[in-house]
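Taking it in order: structure first as structure tokens, then the write-up.
Reminder, nothing fancy here: chain letters follow the sequence lines and each chain counts from 1.
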Number of protein chains: 2
Amino acid sequence: MGLSTAMKALADPIRRQILEQLKSGPKTAGEIAQNFELTKATISYHLKLLKQAELISETKDKNFIYYNLNASVFEDILSWLYDVGGKRHET
Amino acid sequence: MGLSTAMKALADPIRRQILEQLKSGPKTAGEIAQNFELTKATISYHLKLLKQAELISETKDKNFIYYNLNASVFEDILSWLYDVGGKRHET
DNA sequence: GACCTATTTAGATAAATTTCTAAATAGCAG
DNA sequence: CTGCTATTTAGAAATTTATCTAAATAGGTC
């Protein structure tokens, strides 16, 4: 969905923590929410933004929705940073 | 000033464009402002945020202020992205 | 179908961000 | 010191973002 959307998604500390949690594997919205002092509705809102930024994806199983890190989409951001930050980046 | 400040600074497209402009070398606030349809006050505000994030630094000469890219500070962000995105990053 | 459980959506509010205009500061030039 | 140029600061208005509560959806289970 574009660099801008991804960058905005990464700007929020809650959303970065969500991504960090997903590092260890897929989790449901409920599992993620347990680690925050925020309502499930709020977590759902953050998950929506991360999904729009394609930083995560979802797979449904029974009536759970599992969220997964979408590592490939970090590439765009890395490229931009390397480009501006003055380093080379091999894709 | 921390990852969070830097990430927030990078979330705005104007600020990213400013950084891109500085890639080719130091520029004054006025020179930067010329490339946007925004007032100098607004550009000054964005420069302040970039400075707080330590993504740029300033050097004064006569009564000009030159802004420079501070490439080294991109490292924190790259590290975080590599870490979460599942890639290795040698510091 | 009726009832759970998991999650999202809607609508409202609060808080943060971006932008502008106008005034203030700072340094050089005469 | 006065005036000029470059830039920032202050304060207000507009927009966007984050959060909550309550209601809606969706898929199992009995």
Task: Nucleic acid contacts of residues 8-17 of chain B, taken as heavy-atom distances under 4.0 Å to DNA chain C - done: B/K8, B/D12, B/R15
Open item on the list: Please enumerate all residues that pass side-chain contact (heavy atoms from CB on, under 4.5 Å) together with A/T59, with sequence neighbours excluded.
Closed with: A/Y66, A/N68
Open item on the list: Suppose we screen for side-chain contact (heavy atoms from CB on, under 4.5 Å). Which residues come up paired with A/K27, at least two apart in sequence or across chains?
Closed with: A/Q21, A/L22, A/S24, A/E31, A/I32
Shorter than 3.5 Å, N or O on both sides, protein versus nucleotides 4-8 of chain D: list them out with atom names.
from: D/dT5; atom 1: O2; to: B/N63; atom 2: ND2; distance (Å): 3.2
from: D/dT7; atom 1: OP1; to: B/A29; atom 2: N; distance (Å): 3.2
from: D/dT7; atom 1: OP2; to: B/G30; atom 2: N; distance (Å): 2.6
from: D/dT8; atom 1: OP1; to: B/Y67; atom 2: OH; distance (Å): 2.3
from: D/dT8; atom 1: OP2; to: B/S44; atom 2: OG; distance (Å): 2.8
from: D/dT8; atom 1: O5'; to: B/S44; atom 2: OG; distance (Å): 3.2

Open item on the list: For a quick test of reading the model: is some side-chain N or O of B/H46 closer than 4.0 Å to OP1 or OP2 of C/dT17?
Closed with: no
Open item on the list: Counting the atoms with a prime plus P, OP1 and OP2 as sugar-phosphate, which does B/L49 contact under 4.0 Å by heavy atoms, base, sugar-phosphate, or nothing?
Closed with: sugar-phosphate
- [ ] With sequence neighbours excluded, tell me which residues meet side-chain contact (heavy atoms from CB on, under 4.5 Å) with B/S44.
- [x] none
Open item on the list: So, OP1 or OP2 of D/dC20: does either fall under 4.0 Å of a side-chain N or O from A/T39?
Closed with: yes
TODO: Taking B/N70 for its side chain and B/V73 for its backbone only, find out whether a donor-acceptor pair lies under 3.5 Å.
DONE: no
Task: From CD1 (A/I43) to OH (A/Y67), nearest 0.5 Å - done: 11.0 Å
- [ ] Please tell me if the side chains of B/L47 and B/I65 come closer than 4.5 Å, counting only heavy atoms from C-beta onward.
- [x] no
Open item on the list: Can you list everything that forms a side-chain hydrogen bond (donor to acceptor under 3.5 Å, both in side chains) with A/T42? Sequence neighbours excluded, please.
Closed with: A/T39
Open item on the list: Enumerate the salt bridge (charged side-chain N to carboxylate O under 4.0 Å, His left out) contacts for residues 44-53 of chain B, please, sequence neighbours excluded, ordered by first and then second residue.
Closed with: B/K51-B/E58
